Amino acid sequence: MLTLDLPAEPYWLDLPRGVRVEIRPVTTAVMAAAQAAAARRVAATRIADPDLDPDMSRGLSFAFLVKALARHAVTAWEGVGDSAGKPLPLSPEAVERLMDLDDIAAAFWDRATAPVAAVAAEGNG
């Protein structure tokens, strides 16, 4: 039997380097919005650079997807500051800059999608 045990309210994720982000649950709507945003950016990149290396295209696809998911899901954060050490206010642009850090992006993706992946794995067991 499938146990539907997905978060219904925003929750915090601990990320590397002392960063914490609060995210809304990664629902179908949130993921679909992220996928649509990432697809638009990939299409625009391919138009701008028709000779884009296929490996770079795949890398950009994932990077754009992680950034879009973060933009749609992150509602608050802690441990993110400017060059003077002052807390940086949350903004879509700042969230994208945070996701440019590979270790942060990888941890965010793994932890944000973990509840859905766990339910999917149980359903396939």
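Just so we're clear, the structure is a prediction, and the values are computed from it rather than from any experiment.
Note on residues 26-35: no pairs pass side-chain hydrogen bond (donor to acceptor under 3.5 Å, both in side chains), not counting sequence neighbours. Under the ring pair (Phe, Tyr, Trp, His ring centres under 6.0 Å) criterion, no residue pair touches residues 19-61, with sequence neighbours excluded. For residues 31-51, there are no ring pair (Phe, Tyr, Trp, His ring centres under 6.0 Å) pairs, not counting sequence neighbours. Judged as a ring pair (Phe, Tyr, Trp, His ring centres under 6.0 Å), not a single pair has a partner in residues 25-48 (not counting sequence neighbours). Every pair passing salt bridge (charged side-chain N to carboxylate O under 4.0 Å, His left out) that includes a residue from residues 42-57 is listed here, sequence neighbours excluded: Asp55-Arg58. Residue pairs meeting the ring pair (Phe, Tyr, Trp, His ring centres under 6.0 Å) criterion with at least one partner in residues 7-28, sequence neighbours excluded, do not occur; the list is empty. Residues in residues 70-80 take part in these side-chain hydrogen bond (donor to acceptor under 3.5 Å, both in side chains) pairs, two or more places apart or across chains: Arg20-Glu78, Glu22-Thr75, Arg71-Glu96.
Trp109 pairs by the ring-ring contact (aromatic ring centres under 6.0 Å, His included) definition with Phe62, not counting sequence neighbours. Among residues two or more places apart in sequence or in another chain, the side-chain hydrogen bond (donor to acceptor under 3.5 Å, both in side chains) test is passed with Asp103 by Arg17. Partners of Asp100 under the salt bridge (Lys or Arg N to Asp or Glu O under 4.0 Å) rule, at least two apart in sequence or in another chain, are Lys67. Listed by chain and number, the residues in a side chain to side chain contact (heavy atoms under 4.5 Å, CB included) with Ser91 are Glu93, Ala94 (sequence neighbours excluded).
Membership of an apolar cluster is not assigned to Ile47, as no side-chain contact below 4.5 Å to another ILVMFWY residue is traced.
Under a hydrophobic-cluster definition in which Ile, Leu, Val, Met, Phe, Trp and Tyr are linked whenever side-chain heavy atoms come within less than 4.5 Å, directly or via other members, Val21 and Val95 are assigned to the same cluster. Placement of Val42 and Met99 in two distinct hydrophobic clusters is found when ILVMFWY residues are connected by side-chain heavy-atom separations under 4.5 Å, directly or transitively. Under the 4.5 Å side-chain contact rule for hydrophobic residues, Phe64 and Ile23 do not share a cluster.
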Quick one: do Leu69 and Phe108 satisfy side chain to side chain contact (heavy atoms under 4.5 Å, CB included)? Show the steps, please. CA-CA 9 Å; Leu69 180 59; Phe108 172 77; 4.0 Å; yes
Side chain to side chain contact (heavy atoms under 4.5 Å, CB included) between Leu60 and Leu52, worked out: CA-CA 10 Å; Leu60 287 171; Leu52 184 64; 4.1 Å; yes
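Counting all heavy atoms, side chain and backbone alike, Ala68 lies closest to Ala37 at CB-CB, 3.9 Å. Heavy atoms only, all atoms of each residue included: Ser61 and Ala38 are closest at O-CB, 4.5 Å.
Counting heavy atoms from C-beta outward, Val19 and Leu101 have side chains that stay 4.5 Å or more apart.
Note that the CG atom of Leu13 and the CD1 atom of Ile104 stand 11.0 Å from one another [nearest 0.5 Å].
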